[in-house]
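Start at 1 and go down the list; that is how both ligands and their atoms are numbered. Hydrogens, waters and symmetry mates are skipped; everything else that's a heavy atom, side chains included, is used. Please read these numbers as outputs of a predicted model, since none were measured by experiment.
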Amino acid sequence: MMAYFPFFVFVGMLVLTYLQIIDAQGIGVCYGKNGNDLPSTIDVVSLYKANNITKMKTYDPISETLPALKGSEIEVILDIPNSQLQSLGDPQQADNWVTSNVVNYVQQVKIKYINVGNEVSPVNNATSQFVPFLLPALTNVQQSITKSSLQDQVKVTTAIETGLLATTYPPPQSAFREDTIGFIKPIIELLKQNNAPLQANIYPYFGYIGDPVHVTLPYALFTQEQPDPSGYPNLFDAMLDSVYYAIDKAIGENNIEIVVSESGWPSEGGLGATVENAATFYTKLIEHAKSNNGTLHRPGKPIQTYLFAMFDENLKIGAETEKHFGVFHPNKTQKYNITF
Ligand SMILES: *[C@@H]1O[C@H](CO)[C@@H](O)[C@H](O)[C@H]1NC(C)=O
Ligand SMILES: *[C@@H]1O[C@H](CO)[C@@H](O)[C@H](O)[C@H]1NC(C)=O
Ligand SMILES: *[C@@H]1O[C@H](CO)[C@@H](O)[C@H](O)[C@H]1NC(C)=O
Ligand SMILES: *[C@@H]1O[C@H](CO)[C@@H](O)[C@H](O)[C@H]1NC(C)=O
């Protein structure tokens, strides 16, 4: 038997390494449910599996999605909506939430991140009302996870939008705005203390439509041949690094990782929103995120990325483009023939 021992160890190591590579490189897709013509949750989980989509960001009501994920091997982000942040300021409520949604499922569902609040920001009129509730909610949910001894397995975090930044260009000049730094700094310090990543929603599409004169379509779509004057080959990397540089400036040396919790391109309803552009964006983004290129400031490894979103959602409010971010039609056929 002794002679075989090293062999088994070797095979075991290969399998482990392989799994870790798969884990790091898999592309996630955000499962939003704001439509009245979408497939059942069970069918959606089957659709993820059939397309080899190994990661899902879920939104409320997650109590409906969690049972369908049992035994699926899909790695999930549980999103806690902004409307629930205030109640989570009560530690008992945080315990209850963690028991119902994490402890009760964690044996059968691969819960990887809890995303406490989405795009809460003092300078975003749609979410600024939630600013006072975010840090207490994050702190309490983290404590509940730690009490359940799940702190190494389930990371507690929040998702930011790039509107928190003052300058984003060139990326090394980037910093948080003076009127957002007091809000975001203690949050980033809490994440650092718990070895949790920060999540950021990175949308080159909105960068492009916000300034189509200076931001060219090829730069936003990963098809520009030459890097821009700041050395960046595409807007996605420039935006992502601008968040990394802003974090460095806010808290000094750190190894906080950013998970791109949403990124996407609409197929109709506004400037540059075409099926062709969206197909290019998603295809190139997947290729880039899975490669070991990383970004100029954080090179050498894949970028954890979640595409927004699984389906076109006909009940979304706001700009017409909001309804057209899906990579699948509601009838479960693919819009762009993507390989995940
Ligand atoms: C999913 O992965 C399996 C195993 O690698 C492969 O055989 C299959 O063709 C893939 N399916 C799709 C839709 O990519
Ligand atoms: C947000 O609210 C501020 C203060 O009320 C106002 O000045 C600003 O125009 C609003 N911004 C948007 C985008 O509605
Ligand atoms: C990775 O970087 C190399 C060298 O800059 C570049 O040629 C290649 O296109 C990049 N690949 C992806 C998928 O980003
Ligand atoms: C699915 O829906 C799309 C968009 O409405 C349509 O173009 C396509 O033909 C449909 N496919 C099937 C198989 O029904």
Side-chain angles (χ1 to χ4, degrees), residues 14-15 17-29 31-32 34-40 43-56 72-75 171 202 204 218-241 244 258 260 263 265-269 273-276 278-305 307 309-316 320-340:
L14 275 184
V15 169
T17 308
Y18 180 69
L19 288 177
Q20 278 161 359
I21 288 167
I22 295 280
D23 178 59
Q25 290 190 344
I27 287 291
V29 182
Y31 173 27
N34 250 313
N36 60 12
D37 54 358
L38 300 182
S40 73
D43 282 0
V44 173
V45 171
S46 303
L47 192 59
Y48 269 70
K49 286 193 215 162
N51 286 278
N52 293 337
I53 305 171
T54 56
K55 303 180 185 188
M56 176 192 287
S72 70
E73 297 293 311
I74 295 172
E75 210 180 83
I202 303 282
Y219 189 56
L221 291 177
F222 299 90
T223 53
Q224 183 166 299
E225 302 268 318
Q226 297 297 324
D228 74 345
S230 73
Y232 277 84
N234 63 71
L235 180 57
F236 178 86
D237 282 6
M239 291 176 79
L240 182 52
D241 268 359
Y244 274 120
I258 297 171
V260 177
S263 189
W265 195 284
S267 57
E268 63 178 274
T274 67
V275 169
E276 196 188 359
T280 301
F281 179 81
Y282 286 111
T283 307
K284 298 275 183 187
L285 172 59
I286 293 170
E287 231 174 69
H288 178 54
K290 288 167 93 169
S291 79
N292 281 323
N293 280 10
T295 62
L296 290 180
H297 194 44
R298 290 286 193 282
K301 64 176 182 174
I303 303 166
Q304 293 190 57
T305 303
L307 309 183
M310 190 65 177
F311 298 106
D312 279 349
E313 295 171 74
N314 63 7
L315 297 181
K316 283 209 90 166
E320 178 61 23
T321 47
E322 293 287 327
K323 298 184 169 70
H324 304 285
F325 272 90
V327 294
F328 284 84
H329 295 295
N331 64 16
K332 301 196 281 187
T333 60
Q334 270 221 39
K335 281 166 73 180
Y336 312 118
N337 269 319
I338 293 171
T339 303
F340 294 91

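- Counting the atoms of ligand 3 from 1 in the order shown, those under 4.0 Å from a heavy atom of Glu287 are 13 (C).
- Counting heavy atoms of neighbouring residues, nucleotides and ligands inside a 6.0 Å radius, atom NZ of Lys301 does not exceed 12 of them.
- Nearest heavy atom pair, residue Phe236 against residue Ile202, reads CD1-CG2, 3.7 Å.
- Between the side chain of Asp241 and the main chain of His297, a donor-acceptor pair closer than 3.5 Å is present.
- Using cut-offs of 30° and 60° on the angle between ring planes, the pair Tyr31 and Phe311 is perpendicular.
- The NE2 atom of His288 sits 5.5 Å away from atom CZ of Phe222, with the distance rounded to the nearest 0.5 Å.
- Taking the side chain as every heavy atom from C-beta outward, Asn34 and Glu322 never approach each other to under 4.5 Å.
- Counting the atoms of ligand 4 from 1 in the order shown, those under 4.0 Å from a heavy atom of Thr333 are 1 (C), 11 (N), 13 (C).
- For a threshold of 3.5 Å applied to N or O pairs, the pair formed by Asn331 and ligand 4 contains at least one separation below that value.
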Tabulate distances under 3.5 Å between N/O atoms of ligand 1 and N/O atoms of the protein, writing both atom names on each line.
| residue | atom | partner | partner atom | Å |
| --- | --- | --- | --- | --- |
| ligand 1 | 2 (O) | Asn52 | OD1 | 3.3 |
| ligand 1 | 2 (O) | Asn52 | ND2 | 2.3 |
| ligand 1 | 11 (N) | Asn52 | ND2 | 3.1 |
| ligand 1 | 14 (O) | Asn52 | ND2 | 3.4 |

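- Residue pairs meeting the salt bridge (Lys or Arg N to Asp or Glu O under 4.0 Å) criterion with at least one partner in residues 326-340, sequence neighbours excluded, are Asp43-Lys332, Asp312-Lys335.
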